[in-house]
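Down below is the structure, laid out as structure tokens.
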Amino acid sequence: MKRIIIYLLTAISLFLVGCEVERFAPMQTLQADRASLMAPGIGASYTISVSSNTAWKASLTEEGWVSCDIEEFVGSTSVNIVFDANEGDARSCELVLSSEDGSLTGSVTLRQASKTEDGLISIAQMRSHEAEGEYVFTSSSKIRGFVTTAPEGNNFYPDSFAMQDGFGSDAAGITVTLVDANPDFVRGDEVEVELQGAVLERNDDGVLVLTPAKAPVRTETTMITVEPMVVKMPSLAAGEYESMYVSVYNLQPLEEFIGATLNDGVFMENSRGSKTFVKIFEGSLLTDATCPAGSGSVTGIAGPSATGERDAFIIPTAVSDLVFESVRFDILTGGVTSFPYVLSLYSDNGASESNEPKYIDYEVIPYSPASKFIDAYFYDKDRSTDVSLYVHAAGRTEDEIRSSLYWGNNMGYDCIPAKSFVTRSSAAGEYPGQAYYLLTMPLKSDFVRAGETFSVAFYIYNTNWAIRDWKLEYSLDMNNWYGYDEASGMGEGVIEFMPGGNYTLYNVKFTSHSAIDASDILYLRLTPFGKRACISPTSIATGWGSDVRLSVGMLVCPHVARPSEAPQNTIWHHTFDSLTEGSDYLMGDRLGLFDNLNGPLISTWNAQQRNGLSGINVAMRPGYAQVGYAEYGTDGLSAKSYKGTLQTPALEKVTGNVVNLSFKAMAFKSSRLNRKNMNSKLPETGPDATEIEIEILDGGYIVELEGETIPEVSKLAVSGLPVSEFKTFNLKVSGVTPQTKISFKSAEKGDFARWFIDDIIVTE
């Protein structure tokens with residue numbers, strides 16, 4: 001029997017050796033969806049689809065004027081190719097695709113025309129001839145640009161199309177009318193127009209029109225996807241983007257047009273009450289469309305400047321150019337005129353049962369079991385600002401949301417106890433929609449220019465099982481939001497809540513994408529995302545029933561210098577006008593606990609901001625400096641105080657031995673001390689020290705204070721600093737040399753010694 005078993009095993013093993021298992025692997029593929037691209041001289045971006053089932057690499061045979069966003073990848077994806085503007089000769093290179101093992105290769109030829117080809121001029125240069133009246137071109141010049149009208153809507157001037165040769169500036173568009181041919185160009189085609197014999201003149205609507213003698217032609221350029229430029233109503237009315245493809249957001253039809261057909265056009269208004277006309281041509285596909293009731297955006301070709309009887313207008317070229325999916329809004333006529341601005345939750349009383357905010361009014365919309373939301377609106381009592389804060393909180397039951405949405409706090413953290421905020425991922429199948437805080441802030445003064453920065457500060461109290469990750473975003477039209485991008489994990493405005501039971505200050509800094517000026521409404525939205533819990537990064541929160549309280553208010557501070565006239569005939573001076581960050585203490589108790597919010601310490605100031613100054617524990621305030629600062633604990637009660645010293649540079653320009661010194665000073669007093677119901681454990685017992693110390697270093701002594709002669713001293717205590725305004729102090733110093741410096745110090749006595757200094761002036 002054993003022998004038989006051995007024979008059987010041997011046979012089986014021989015069978016297995018003789019019958020190897022055949023393995024099938026798919027054939028590797030690597031294929032681009034096109035063989036070549038031709039880019040325009042002005043630059044453009046394109047997407048190439050790469051189909052593959054393996055690992056592959058992408059590289060360019062030239063660099064510096066073209067780039068791609070993929071170097072290595074596995075599988076299929078899209079490669080974005082970006083061409084810079086070409087100021088030189090036509091050029092080309094190859095996008096090389098190769099599998100990881102080198103067995104597959106392929107390429108896409110990338111070519112680009114020249115922006116400065118002989119005879120080629122810009123549309124802006126061509127438009128400049130309008131100053132000469134009706135103009136007929138005699139030279140052999142030409143223009144190129146991309147078609148921006150969509151012929152399918154038939155809503156444009158007959159036998160005409162709009163084109164532009166730039167997508168980031170004004171004066172880049174023109175309307176072209178043909179004499180004998182109906183244009184068959186589509187949006188995204190690049191066309192070339194010969195100017196010899198062409199006529200440039202304005203039509204009955206005031207639009208500058210080019211009528212060429214010879215029919216325009218398509219170029220070899222690969223079609224692009226044309227995106228509209230987002231513009232503001234004042235720019236539209238000024239005609240800055242005439243004949244260009246634009247979008248205007250935050251619009252709604254005037255009430256008399258709602259429900260009627262678009263017919264030959266309707267008027268729209270923005271939330272400032274500025275109006276524009278949406279022009280509809282007879283016989284277009286938009287004529288019979290119904291005018292929407294809500295608010296939204298209009299995309300189309302911009303008209304000329306609004307003058308005399310003519311209103312600003314925009315020409316949509318398809319029904320899809322009208323997107324009105326949001327609710328109607330109220331017209332805002334007010335606005336904020338000075339900054340920093342704070343929507344203050346401050347209460348004189350400070351008792352939770354009083355619910356008596358000093359600077360706001362509010363109303364609460366009752367909880368809706370159907371929507372799972374409670375809504376509340378908080379308004380600045382100074383109704384001239386038109387500022388409001390909208391709170392949209394969620395709860396599966398009414399018990400998970402507070403019915404009273406204002407809470408005075410005897411530690412000074414007056415708050416909106418809105419309770420739970422949920423996200424799609426945290427609330428899973430019960431997700432009712434996005435919960436958030438939204439601040440609406442109309443402006444009546446310029447805020448920041450493009451590229452400048454501003455900050456938004458607020459306190460939050462939260463429980464352990466609240467959602468940990470939040471983002472603050474800003475917008476000027478409630479459609480385009482700037483800040484943190486969840487998809488890429490990049491951008492400004494992302495914050496991470498501390499573990500629960502803390503009062504935490506968050507101060508978020510933004511770089512403005514465009515100018516924010518007196519015609520704008522600034523929207524700030526604070527929203528949770530994800531489902532991480534505050535208690536730890538690895539814990540999961542649903543958001544339901546958690547407690548997220550916006551406390552103290554929302555402080556908005558543009559980082560803009562405040563220039564003032566420099567004193568004449570000085571040896572050295574500092575007006576501190578270049579300091580921009582922090583809260584303005586002079587706003588008083590409206591700031592609440594924001595009164596302690598200073599900007600960066602002197603070690604981070606730039607050379608202009610320092611102007612030779614040095615110091616320890618010296619911080620920035622908008623337009624002046626703070627000497628000494630305090631850090632509050634997250635328990636709302638404890639605090640740590642840091643005393644400061646500020647020192648001038650050497651008085652190198654001095655020619656005599658006597659100088660006059662003047663400076664402005666003011667002491668700090670916490671807003672919490674003014675409250676009727678104050679927690680007995682607060683560390684402050686009164687104003688900070690109202691005395692400071694002046695010391696003359698490296699030669700010199702003080703001989704006079706406020707016009708009164710005093711015994712010669714190198715160090716002097718100056719008292720009587722007020723706590724609600726700056727006071728100017730005047731001293732005379734004798735025995736000075738070019739090496740003399742002046743030091744300003746916090747008082748030694750007292751736990752808290754925060755004070756402010758401005759306009760230091762040294763004269764002979």
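Side chains are part of it too, since the values below use all heavy atoms of this structure and drop only hydrogens, waters and symmetry mates.
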Trace of the side-chain contact (heavy atoms from CB on, under 4.5 Å) decision for Asn674 with Lys669: CA-CA 9 Å; Asn674 296 330; Lys669 179 183 177 182; 3.4 Å; yes
Side chain to side chain donor-acceptor pair (under 3.5 Å) assessment of Glu581 paired with Ser455: CA-CA 8 Å; Glu581 298 186 44; Ser455 58; 5.4 Å; no
CA sep, side-chain torsions, deciding dist, call: Trp465, Ser539, side-chain contact (heavy atoms from CB on, under 4.5 Å): CA-CA 9 Å; Trp465 293 102; Ser539 298; 3.9 Å; yes
Steps toward side-chain contact (heavy atoms from CB on, under 4.5 Å) verdict (Leu438, Leu389): CA-CA 6 Å; Leu438 175 66; Leu389 177 68; 5.7 Å; no
side-chain contact (heavy atoms from CB on, under 4.5 Å) assessment of Val560 paired with Val448: CA-CA 7 Å; Val560 179; Val448 292; 3.8 Å; yes
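For the atom pair Asn410 CG and Arg675 CZ, the distance stands at 8.0 Å (nearest 0.5 Å). With rounding to the nearest 0.5 angstrom, the NZ atom of Lys664 is 12.0 Å from the CD1 atom of Ile760. Considering OG of Ser714 and CD1 of Ile696, their distance stands at 8.0 Å, rounded to 0.5 Å. Taking OH from Tyr359 and CG from Asp414, the interatomic distance works out to 11.5 Å, rounded to the nearest 0.5 Å. Note that the CG atom of Leu721 and the OG1 atom of Thr690 stand 6.5 Å from one another [nearest 0.5 Å]. Atom-to-atom distance recorded for Leu505:CG and Leu593:CG is 9.5 Å, nearest 0.5 angstrom.
Environment of CG in Leu682: crowded, with over 12 heavy atoms of neighbouring residues, nucleotides or ligands closer than 6.0 Å. The local environment of NZ in Lys471 is crowded, with over 12 non-hydrogen atoms from other residues, nucleotides or ligands closer than 6.0 Å. Environment of CD in Glu706: crowded, with over 12 heavy atoms of neighbouring residues, nucleotides or ligands closer than 6.0 Å. By the 6.0 Å contact criterion, CD on Glu652 is open, its count of non-hydrogen atoms from other residues, nucleotides or ligands being 12 or less. Counting non-hydrogen atoms of neighbouring residues, nucleotides and ligands closer than 6.0 angstrom, the CG atom of Asn606 exceeds 12 such neighbours. In Asp698, the CG atom is crowded: over 12 heavy atoms of neighbouring residues, nucleotides or ligands sit closer than 6.0 Å. Counting heavy atoms of neighbouring residues, nucleotides and ligands inside a 6.0 Å radius, atom NZ of Lys681 does not exceed 12 of them.
In plain terms, the two heavy atoms of Asp688 and Ala753 that are nearest each other are OD2-N, 3.6 Å. When every heavy atom of Val552 is checked against every heavy atom of Gly412, the shortest pair comes out as CG2-O, 4.1 Å. Across all their heavy atoms, Leu673 and Pro687 have their closest contact at CD1-N, 4.1 Å. Annotation for Leu343 and Leu439: closest pair CD2-CD1, 3.7 Å, computed over non-hydrogen atoms. Annotation for Leu345 and Ser551: closest pair CD1-C, 4.1 Å, computed over non-hydrogen atoms. Closest non-hydrogen pair, Pro442 versus Leu332, comes out as CG-CD1, 3.7 Å.
The aromatic rings of Tyr474 and His513 sit tilted relative to each other, their planes meeting at an angle between 30° and 60°. Between Tyr629 and Tyr642, the two ring planes are parallel [angle under 30°; tilted spans 30° to 60°]. Aromatic ring pairs are classed by plane angle as parallel below 30°, tilted from 30° to 60° and perpendicular above 60°; the pair His574 and Trp572 is perpendicular.
The closest side-chain donor-acceptor pair between Asp361 and Tyr377, if any, does not fall under 3.5 angstrom. With 3.5 Å as the limit, one finds a donor-acceptor pair spanning the side chains of Arg754 and Asn596. At a cut-off of 3.5 Å, with distance as the only test, a side-chain donor of Asp517 or Ser519 sits close to an acceptor on the other residue. For the residue pair Asp477 / Ser475, a side-chain donor-acceptor distance below 3.5 Å is found, with atom types taken as modelled. For the residue pair Gln434 / Thr527, no side-chain donor-acceptor distance below 3.5 Å is found, with atom types taken as modelled. Looking only at atom types and distance, the side chain of Asp635 has a donor-acceptor partner in the side chain of Ser638 under 3.5 Å away.
Contact annotation: the side chain of Tyr523 never approaches that of Leu476 to less than 4.5 Å [non-hydrogen atoms, C-beta and beyond]. Phe752 has its side chain out of reach of Thr685: every pair of non-hydrogen atoms, C-beta onward, lies at least 4.5 Å apart. By the 4.5 Å heavy-atom criterion applied to side chains, Val659 and Val654 are counted as neighbours. At least one side-chain heavy atom of Val508 sits under 4.5 Å from a side-chain heavy atom of Ile495. The side-chain heavy atoms of Val658 and Val733, taken from C-beta on, include no pair separated by under 4.5 Å. Looking only at side-chain heavy atoms (C-beta outward), Ser743 and Thr645 come within less than 4.5 Å of each other.
Residues Tyr624 and Phe756 bring their aromatic ring centres within 6.0 Å. Taking the six-membered ring wherever Trp is involved, the centroid distance between the rings of Tyr459 and Tyr503 does not fall below 6.0 Å. The ring of Phe668 has its center closer than 6.0 angstrom to the ring center of Tyr585. Between Tyr436 and Phe421, a ring centre-to-centre spacing not shorter than 6.0 Å is recorded. No close placement of the Tyr413 and Tyr461 rings is indicated, their centers lying 6.0 Å or farther apart. Residues Tyr484 and Phe529 bring their aromatic ring centres within 6.0 Å.
For the salt bridge (charged side-chain N to carboxylate O under 4.0 Å, His left out) test, residues two or more places apart in sequence or in another chain that qualify with Arg549 are Asp547. Applying the salt bridge (charged side-chain N to carboxylate O under 4.0 Å, His left out) test to Arg272 and every residue at least two apart in sequence or in another chain returns nothing.
Because its NZ or CZ atom is not both nearer than 6.0 Å to the ring centre of Phe497 and within 45° of the ring axis, Arg532 does not count as a cation-pi partner of that residue. In this structure, Arg383 forms a cation-pi arrangement with Tyr379, its terminal cationic atom sitting closer than 6.0 Å to the ring centre and no more than 45° off the ring axis.
Remark: Arg590 engages Asp380 in a salt bridge, criterion side-chain N to carboxylate O under 4.0 Å. At a threshold of 4.0 Å, the pair Lys509-Glu492 does not count as salt-bridged, since none of the basic side-chain nitrogens sits closer than that to a carboxylate oxygen. Salt-bridge annotation for Lys640 and Glu631: absent, with no side-chain N of the basic residue lying under 4.0 Å from a carboxylate O of the acidic one. With respect to Asp589 and Lys358, a salt bridge is recorded, a charged nitrogen being found less than 4.0 Å from a carboxylate O.
For the side chain to side chain contact (heavy atoms under 4.5 Å, CB included) with Val556, the qualifying choice from Val387, Val342, Leu524 is Leu524, the only one to do so.
The backbone N or O of Tyr701 sits nowhere less than 3.5 Å from a side-chain atom of Ser734 that would complete a donor-acceptor pair.
For residues 554-578, the pairs satisfying salt bridge (Lys or Arg N to Asp or Glu O under 4.0 Å) are Arg562-Asp584, with sequence neighbours left out.
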